[in-house]
Amino acid sequence: MSTHARSRATDTPATPPHPAPLDVAGALLALLRDTSTEPRPDIQLEALTLAVAADLPVLLWGEPGIGKTAALTQLAASLDLPLTTVIASVHEPSDFSGLPVVGDDPAEQGVPMAPPDWAVRLVRAGRGLLFLDELSTAPPAVQAALLRLVLERRVGALRLPPGVRIVAAANPRASAADGWELSPPLANRFVHLQWTHDHEVVVRGLGGTWPRATLPRLDPERLPGAVDLARRAVCGLLTARPGLVHRLPSNETRRGGPWPSPRSWEMTLCLIAFATAAGSSREVMSLLVRGTVGDGPGLELLAGLDRIDLPDPEVLLADPQSAALPERGDLRQAVLDGVVEAVRKRPERTRWEAAWALLVRAVETGAPDLVVVPANTLASLRHEDWDVPASIDKLAGAVSLSRRADRAAARTAVAAPAGR
Amino acid sequence: MNADTSGAPDVAGTPDIAGTPDVAGPPDTPAVPDTPEAPHAPRAPDAAGALDRDKLFAARLHAARVRPYLATALFALHAVESRRVPTMAVDRYWRCYVSPRFVDRTSVEELAGVWVHEVSHLLRDHHGRSDRVAREQGLTGPAERLRMNIAADCEINDDVFGEGLHRPEGAVMPETLALPEGELMEDYLRQFRLGPRTQSLAWLDCGSGADGLDREWELGPDGAYGLSDQERDAVRFRVAQGITARPGNAPGGWRRWAREAFQPPQPWRDLLGAAVRSAASGSGAGEDYTYGRPSRRSAGVPRAVLPSLRRRPPRVAVVIDTSGSVGDDELGSALREVAAISRAVGGRRDLITVLPCDASARIVHPLCRAEGIPLVGGGGTDLRTGFARALRRGPRPDVIVVLTDGQTPWPSERPPCRTVVGLFPRQSSSSSWDEDDPDYVPDSPPVWARVVVIESTPATR
């Protein structure tokens, strides 16, 4: 065929040579594939990377065709791990639990369970990223076999080396054809990440520029602090809320999702430490924590983390002049309440005066209404022989503000019977 | 930003310091003596038209006192002075834009109402819900966003005012548009168009926090003092938690919001579908692997023993309790759903049995005739007989799906197959979840059944 084409080309040099049809197609494909990348923060990918780094099994939930596989490819490339993709739905259970091979003398030697080739290669390489795709369309028996692989890292007689990280992907229940659903004990072992597409990224990518996420790097100097913070956050919450330690999902909406148990709290602790050591944003931490213990307990933990970040009342009392109060009103009020509470616990004159100085500072740097309640409480802590500090003049604005609010309340109370 | 408070030691004389704490005591002892001082008098008339921050924050304090469960959210708002807003407006990053002129001409108690109104937009995620509606229904353009703002206002205004909180002048109420009270923004949105009735509302602008449309005068995502996604969730969560912890002092609308804020109701079709699918395809039913017959792959691997895939379509028995006050259309759509799901997992028509548990099975008959489902049995009002009959039949079913309103005795023992209960909430029980009858405890389905609540209203939230 090609020689024939060439001979014709030599016959009539005036007409350009006919290239093979697929060559043109190849040129067009090359043009289409000629895309560039741009750096862009991607909190989903960052969360995935941290969970993989922490060696916890991750389950990506997402509609088909939104780039879960592409994300995994990028992750494997940047972690420098060979990627092994196993499409669960085209395998049989024995591909994961091992095939019985009948030897010469089964009664004597037993029947070995032979592992599939990809497992053998993974073990030989000693490291790699194993991606179990399409969990949701595999028959139940295959899913059961896969879960043993995920939980015990065993394929037949082989045990996957520690350098192998496992990520699975599933379609949400509503879009899964045959009802893949995790039972609560299994759901509890995964970090659940909801994978969604970003409209802007897709449009820009189709236009020729795909994002390139900069992956988090763990900072060796932050490790001890990160562990300390994670332990304080989790223990602080669970001390105050013992009911959160273990709570099975009770309703249908929550089934198959993350829920709190000692195991998932341990995973949470680990993930907080990783996210802190990597200097990740609160958004990333939120994805990870809520994906491990569920929305409610996760949000409580995150709220607790917000409070841990607040300045320590004792530090503020020690040096009120240089105190930095948070900008956000609700956090600022929490800090001021904390300061007053600290004074109440150990009432000493110097501490009391320092607290007034802090309130003055708060009035000078932010909304005055936040100061009213702490000021009232602080005033009630006064001992007979304590003189009021002169700086309290500066709180006059807040006091009149409080009176105005009182008057408004009185007027509303008078008007109410007539109005409603 | 701070000169105003220290620089204007106003009125009532700088209180003598020792007395300060006592005067500004708890809110229930209002300092009435100095009411004669005119409430509307412009105080500290410094630069004309400057924002009267004292008045604004006194209003916030008042709002926080009468709505303690909203205090966190109110204090999390960051006030920004803006001359472009007609009154007050919020953006999705929890900034509150305030017009100085509006503050001047509005009383403290009305301002407090506006504070609560604006923070309600954010707590109830009106911008996110507007975006969702806009996406789903293709409603674009400023006019549609105005409609969303009005609908959101209706959702808020019908229950946030009163009980110490003054309703601001000109607040949009559902009756302004001749609409019923107590519905959600999405419902209101379906029920009115812009027209003569809404003419007077054209100036209304609660900002992108209310309708999701970015305004050019807003500071945007990169401006100062914005709250991140996670911070917004944290604030909403704290408020919801505060309400659920002490439900006594919050009105019904807020309690419902708190229940659903982080656990939105899901469409029952999806849940019922997932429950039936997973019951029908679970191990022991339907498709599974067996070593009973050699696998097709066996020829290639002579020494290995390979299992093969065998398929046995699941048998589904649908037990319908028609004794309750279940609407025909609800029951019909639920039954049709079950039939469709069973077919999707490979069930054949002859493997689906429908057992009505009451004499008034008028709906079941035509439906089953249309669907070609054989109808067996009849009579009886006790669900236990329904279970017994379903299990007594020839080959035992793999799944029993029960559609009921739950007002029935349940079998005391777990049946030998998976059970899915589609529960129609009774009209009376759905409204008596709080004060009507505190002692009322519905007979709940047993723990071995998977329960899906089938709401009659589509859960769009």
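Owing to the predicted nature of the structure, the values given are computational and were not obtained by experimental measurement. Lettering follows sequence order; numbering is per chain, from 1.
Only the side chain of A/Asp306 comes within contact range of chain B, with heavy atoms under 4.5 Å apart. The parts of B/Ala76 that come within reach of chain A are both its backbone and its side chain, each placing non-hydrogen atoms under 4.5 angstrom from that chain. The part of B/Gln241 that comes within reach of chain A is its side chain, from C-beta onward, which places non-hydrogen atoms under 4.5 angstrom from that chain. Using a 4.5 Å cut-off between heavy atoms, B/Leu56 makes no contact with chain A at all.
Residue A/Ala405 comes nearest to B/Ala58 through the heavy atom pair CB-O, 3.5 Å, listed as atom of the first residue, atom of the second, then distance. Pairing each heavy atom of B/Phe237 with each of A/Gly296, the nearest pair is CZ-O, 3.4 Å. In plain terms, the two heavy atoms of A/Ala409 and B/His62 that are nearest each other are CA-CE1, 3.3 Å. Across all their heavy atoms, B/Asp229 and A/Glu283 have their closest contact at N-OE2, 3.4 Å. Between A/Leu401 and B/Asp54, the shortest heavy-atom contact is CD1-O, 2.9 Å.
Expressed to the nearest 0.5 Å, how far CD of B/Gln230 lies from CE of A/Met285 amounts to 9.0 Å. With rounding to the nearest 0.5 angstrom, the CD atom of B/Glu109 is 10.5 Å from the CZ atom of A/Arg407.
Side-chain contact between B/Val235 and A/Arg328: present, with at least one pair of heavy atoms (C-beta onward) separated by less than 4.5 Å.
Counting heavy-atom pairs under 4.5 Å between each of A/Val373, A/Asp369, A/Thr377 and chain B puts A/Asp369 at the top. Of the listed residues (A/Leu370, A/Leu287, A/Leu299), the greatest number of heavy-atom pairs within a distance under 4.5 Å of chain B belongs to A/Leu299.
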(request) Evaluate the side-chain contact (heavy atoms from CB on, under 4.5 Å) criterion for residues B/Arg65 and A/Val372: first the C-alpha distance (whole Å), next the side-chain angles of each, then the deciding distance (0.1 Å), finally the verdict. (result) CA-CA 11 Å; B/Arg65 281 177 179 170; A/Val372 172; 3.6 Å; yes
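A/His383 NE2: more than 12 foreign heavy atoms inside a 6.0 Å radius.
Salt bridge present: A/Arg290 and B/Asp233 bring a charged side-chain N and a carboxylate O closer than 4.0 Å.
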